[in-house]
Undergrad: 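Following this message is one structure expressed as structure tokens.
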Amino acid sequence: MPVYNPNQSFNFKILKKGPHAARLGSLQTPHGLIKTPAFIFCATKAAMKSLTIEQLKTSDTQIILSNTYHLMLQPGAESVEKQGGLQKFTGWHGPMLTDSGGFQIFSLGHGNIADEIKGRGMPNRSKTLLEITEEGARFRSYINGKEYLLTPAESMRIQRLLGADLIVVLDECTPYHVEKSYTQASMERSHRWALQSLNAYLAHDNGKQKLYGIVQGGVYPDLRKISAEFISDHPFFGHAVGGSLGAEKQEMYDVIASTMSHLSKDRPVHLLGIGGIEDIFQGVLQGIDTFDCVHPTRIARHGGALVKPWNRLDNHKREHLNLRNSQYKLDLNPIEPDCACTTCANHTRGYLHHLLKTEIFLGFTLIAQHNAFFMNNLMKQIRYALEQNIFLELFNSWGFQQKP
RNA sequence: GUCAGAGUGGCCGAGUGGUAAGGCGCUGGACUGUAAAUCCAGUGUAUUGUUACAGCAUAGGUUCGAUUCCUAUCUCUGGCA
């Protein structure tokens, strides 16, 4: 595990170029080196749900992220700062990223992504996003009802106190079901917020953090071009691709492709919120360097274990097994026979099924550990393939076809 | 033995002279910058389904109609012997 080195500055190197826009790289931070392409696990409230730091290390995790919004409400940014910053607070001494709260401007107003895309709204839950103005976003705390105004400068201040290596500008993650005119106006406001974030960041720059600018523009190629060029034109350390990526996978891949074609090529690029297996392959092919997603850890808590295509018994549409299903009750196989994780080494599907049915937390932990190992191993294989010039062979061997 | 109370779907548990609420369980599904160990749907039998037939311990009875009222029986719980 890398140790914090204040003299170690940031840099991003492209070590090798792969097919299409794919690239192998390294991202140096004061808390350690991240080999890219890499996956960032979500420890939103400064904790990986159901996994310990030790278990994260065991599965070769490189970097985790936490969230400005959640930590602002509880325990408060000052509290984390007084306790030594996120790394000391969590016990994770490797690289970290914090999200700006921009996604909560979406999720606390519209619910989760699937619900918004499918038009299901937010059943049984009142909106705690009160309004979005030029100044920022006003929220009502779901903990104590107190109102908060999150502005670009405030997000930068909080992220500075939290102390992650990589931080991102405040933006609005645009929904799918809005008019193009809304997406455009939102994008333009996010651009203004990006500059305010950048200025606030530069005013207090202490060399310990680097800032990512976020590309918006929804599913519209012309807006993505404008946004990508805007972000590229300003001195952000890295770029992130955010906002609505569409309702279907092909639409997402098209949005990523059009965005990437207009971004400057020398900075690290993060794809916000994406972590499906195929999505990662397609993203890498388009030049994405880092990904983050709640999916591997969330589905683990719902009984979902990630599996490679050749280990899926019947349903090839889904990238995981639902171990709650009765078909696994007496299954003596591990989640995957060819997996080297500790869960697969020691436990059968039948046992994991039992843990899920009896609601023993260990079940979530064991599946989450498999999923964490799976994701890190996937990225490892991708990096190896890029290094050995066999990325497309790997890509094809997993059953994916190049899109678009 | 006697007195009292109680028997409702796989389980718990409402309920009432007009055809059994809600949980749990079970079976699936969803989940992509985490208000998510959450949410959604189905769950007596037969048919794709409208529908048909069962059904509130068991057997009778009263009634247009009984899970509800009456009688007997069985079982359980508690008190007294």
Side-chain angles (χ1 to χ4, degrees), chain A residues 39-51 64-71 73-74 97-118 120-129 139-145 166-174 176 212 214-216 240-249 252 270-280 283 290-304 306 315 317-320 322 324-327 329 355-365 367-368 375:
Chain A
F39 185 81
I40 306 178
F41 288 89
C42 292
T44 302
K45 298 178 184 174
M48 291 286 297
K49 290 177 180 172
S50 80
L51 285 179
I64 63 175
L65 74 75
S66 290
N67 191 295
T68 295
Y69 180 75
H70 301 261
L71 296 177
L73 301 186
Q74 192 176 48
L97 178 145
T98 43
D99 191 16
S100 62
F103 182 69
Q104 280 62 45
I105 297 176
F106 164 84
S107 66
L108 300 181
H110 299 276
N112 68 40
I113 291 172
D115 283 344
E116 198 271 328
I117 286 175
K118 293 170 185 169
R120 288 197 288 246
M122 292 179 70
N124 308 324
R125 200 175 279 176
S126 60
K127 291 182 180 177
T128 56
L129 172 70
F139 296 96
R140 185 186 302 285
S141 163
Y142 60 87
I143 297 167
N144 57 19
L166 306 174
I167 63 177
V168 303
V169 299
L170 184 68
D171 68 332
E172 180 195 2
C173 177
T174 51
Y176 180 72
Y212 279 55
I214 302 179
V215 179
Q216 289 291 332
V241 181
S244 175
L245 298 169
E248 290 168 5
K249 291 210 177 250
M252 168 164 68
H270 180 78
L271 181 57
L272 285 161
I274 294 304
I277 299 169
E278 178 174 11
D279 306 339
I280 285 181
T290 53
F291 302 81
D292 79 276
C293 195
V294 301
H295 197 244
T297 44
R298 178 184 285 170
I299 63 168
R301 278 175 276 119
H302 301 162
L306 292 167
N315 191 340
K317 288 173 291 190
R318 221 160 48 179
E319 296 182 335
H320 65 269
N322 183 353
R324 297 184 65 95
N325 289 172
S326 57
Q327 63 173 306
K329 189 171 183 180
L355 295 179
L356 291 166
K357 289 305 225 180
T358 49
E359 296 180 29
I360 293 169
F361 292 4
L362 178 62
F364 305 143
T365 296
I367 298 171
M375 294 306 293

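Within every chain, numbering begins at 1; the chains are lettered A, B, ... in the order of the sequence lines, protein sequences first and strands thereafter. Only a predicted model underlies this, so the values are computations on that prediction, with no experimental measurement involved.
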Undergrad: May I ask you to test the A:Ile105-A:Phe139 pair for a side-chain heavy-atom distance under 4.5 Å?
TA: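 When only atoms from C-beta onward are counted, A:Phe139 and A:Ile105 do touch, with a gap below 4.5 Å.
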
Undergrad: To the nearest angstrom, how far is A:Lys118 atom NZ from B:A41 atom P?
TA: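 In whole Å, B:A41 P lies 14 Å from A:Lys118 NZ.
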
Undergrad: Return the value, rounded to whole Å, for the distance between atom CE of A:Met252 and atom P of B:C31.
TA: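 After rounding, the reported distance stands at 12 Å.
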
Undergrad: Under 3.5 Å, is there an N or O donor on one side and an acceptor on the other linking the side chain of A:Ser107 and the base of B:U34?
TA: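 Side chain to base: no pair present.
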
Undergrad: With a 4.0 Å cut-off on heavy atoms, is A:Asp279 in touch with a base, just the backbone sugar-phosphate, or nothing at all?
TA: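 Answer is base: heavy atoms of A:Asp279 come under 4.0 Å of a base.
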
Undergrad: Taking the C1' atom in each of B:C56 and B:U67, what is the distance between them to the nearest angstrom?
TA: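 My reading of the C1' atoms in B:C56 and B:U67 gives 4 Å.
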
Undergrad: Look at all strands and tell whether A:Leu73 reaches a base, only sugar-phosphate, or nothing, counting heavy atoms closer than 4.0 Å.
TA: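 Since no nucleic acid heavy atom lies under 4.0 Å of A:Leu73, the category is nothing.
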
Undergrad: Test side chain to side chain donor-acceptor pair (under 3.5 Å) on A:Thr44 and A:His70 and set out the steps.
TA: CA-CA 7 Å; A:Thr44 302; A:His70 301 261; 5.4 Å; no

Undergrad: Each nucleotide N or O in nucleotides 25-28 of chain B that has a protein N or O under 3.5 Å away: list the pair and distance.
TA:
unit_1, atom_1, unit_2, atom_2, d
B:U27, OP2, A:Lys357, NZ, 2.6
B:G28, OP1, A:Ser326, N, 3.2
B:G28, OP1, A:Ser326, OG, 2.7

Undergrad: Could you check how far CD1 of A:Ile105 sits from C1' of B:A35, rounded to whole Å?
TA: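 Answer to the nearest Å: 16 Å.
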
Undergrad: What's A:Lys49 touching, base or sugar-phosphate or nothing? Going by heavy atoms closer than 4.0 Å.
TA: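 Base contact - A:Lys49 has a heavy atom under 4.0 Å of at least one base atom.
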
Undergrad: Once you apply a heavy-atom cut-off of 4.0 Å, does A:Ile113 come out as touching a base, just sugar-phosphate, or nothing?
TA: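 It contacts sugar-phosphate atoms only.
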
Undergrad: Let's test your reading of the model: under 3.5 Å, does the base of B:U32 pair with the side chain of A:Lys249 as donor and acceptor?
TA: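 Donor-acceptor pair under 3.5 Å: yes.
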
Undergrad: Rounded to whole Å, how long is the line connecting atom CG of A:Leu65 with atom P of B:U32?
TA: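 Spelled out: CG on A:Leu65 to P on B:U32 is 15 Å.
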
Undergrad: Side chains of A:Cys42 and A:Ile64, heavy atoms from C-beta outward: is any pair under 4.5 Å?
TA: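 No, every pair of side-chain atoms sits at 4.5 Å or beyond.
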
Undergrad: Which part of the nucleic acid, if any, lies within reach of A:Leu108 when heavy atoms closer than 4.0 Å are counted: base, sugar-phosphate only, or nothing?
TA: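 Contact class for A:Leu108: base.
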
Undergrad: With P as the reference atom in both, quote the distance from B:U34 to B:G29 in angstrom, rounded to an integer.
TA: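 Taking atom P in both B:U34 and B:G29, they lie 26 Å apart.
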
Undergrad: Using the P atom as the reference point in each nucleotide, state the distance between B:G55 and B:G44 in Å, no decimals.
TA: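 About 16 Å, rounded to a whole number of Å.
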
Undergrad: Can you check the A:Arg298 CZ to B:A35 P distance for me, whole Å?
TA: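 Between P of B:A35 and CZ of A:Arg298: 7 Å.
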
Undergrad: Mind telling me whether A:Phe39 and A:Phe41 have parallel, tilted or perpendicular rings, with 30° and 60° as the class edges?
TA: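 Correct class here is perpendicular.
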
Undergrad: Could you tell me whether A:His70 contacts a base, only the sugar-phosphate backbone, or nothing, with contacts defined as non-hydrogen atoms closer than 4.0 Å?
TA: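 Sugar-phosphate contact only.
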
Undergrad: Expressed in whole Å, how much space separates the C1' atoms belonging to B:A66 and B:U71?
TA: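 15 Å, rounded to whole Å.
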
Undergrad: A:His110 has an atom NE2; how far is it from atom P of B:U34, in whole Å?
TA: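 One finds 16 Å between P of B:U34 and NE2 of A:His110, rounded.
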
Undergrad: Check whether any side-chain N or O of A:Thr365 sits under 3.5 Å from a backbone N or O of A:Ser50 as a donor-acceptor pair, and report yes or no.
TA: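 Yes: the side chain of A:Thr365 pairs with the backbone of A:Ser50.
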
Undergrad: For RNA chain B, what are the stems built from at least three Watson-Crick or G-U pairs in a row, each pair having both distances below 3.5 Å?
TA: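 RNA chain B stems, ordered by first number: B:1-7 with B:74-80, B:10-12 with B:22-24, B:25-30 with B:38-43, B:44-46 with B:51-53, B:57-61 with B:69-73.
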
Undergrad: Out of B:G33, B:C31, B:A35, which nucleotide sits closest to the side chain of A:Val294?
TA: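 Selected nucleotide: B:G33.
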
Undergrad: Tell me if the side-chain of A:Asp171 makes a donor-acceptor pair with the base of B:G33, cut-off 3.5 Å, by modelled atom types.
TA: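 Looking at the base of B:G33, it does pair with a donor or acceptor on the side chain of A:Asp171 (distance under 3.5 Å).
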
Undergrad: Could you tell me the separation between the CD atom of A:Glu319 and the P atom of B:U32, rounded to a whole number of Å?
TA: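 After rounding, the reported distance stands at 13 Å.
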
Undergrad: Less than 3.5 Å apart, any donor N or O on the side chain of A:His270 or A:Asp292 sitting next to an acceptor on the other?
TA: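 Looking only at side-chain atoms, A:Asp292 and A:His270 do form a donor-acceptor pair, the distance falling under 3.5 Å.
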
Undergrad: Sticking with atom P, work out how far B:U62 lies from B:C70, rounded to a whole angstrom.
TA: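 These two P atoms come out 15 Å apart once rounded.
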
Undergrad: Side chains of A:Gln104 and A:Asp99: do they bring a donor and an acceptor to under 3.5 Å?
TA: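 On atom types as modelled, these side chains do not qualify, holding no pair under 3.5 Å.
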
Undergrad: If you check the A:His295 side chain, which of B:C31, B:A35, B:G33 turns out closest?
TA: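 When the side chain of A:His295 is considered, B:C31 is the closest of B:C31, B:A35, B:G33.
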
Undergrad: Determine the Euclidean distance between corresponding C1' atoms of B:G61 and B:G65; express it in Å to zero decimal places.
TA: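 Approximately 15 Å lies between the C1' atom of B:G65 and that of B:G61.
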
Undergrad: State whether the aromatic ring of A:His302 stacks on the base of B:U38, taking stacking to mean ring centres under 5.5 Å apart and ring planes under 30° to each other.
TA: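 Per 5.5 Å and 30° rule: yes, stacked.
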
Undergrad: Grab the CD1-P distance between A:Ile117 and B:A30 for me, whole Å please.
TA: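 A:Ile117 atom CD1 is separated from B:A30 atom P by 15 Å.
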
Undergrad: Within the 4.0 Å heavy-atom criterion, would you say A:Gly243 contacts the bases, only the backbone, or no part of the nucleic acid?
TA: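 Base, at least one base heavy atom under 4.0 Å.
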
Undergrad: Base, sugar-phosphate, or nothing for A:Asp99, non-hydrogen atoms under 4.0 angstrom?
TA: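 Answer is base: heavy atoms of A:Asp99 come under 4.0 Å of a base.
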
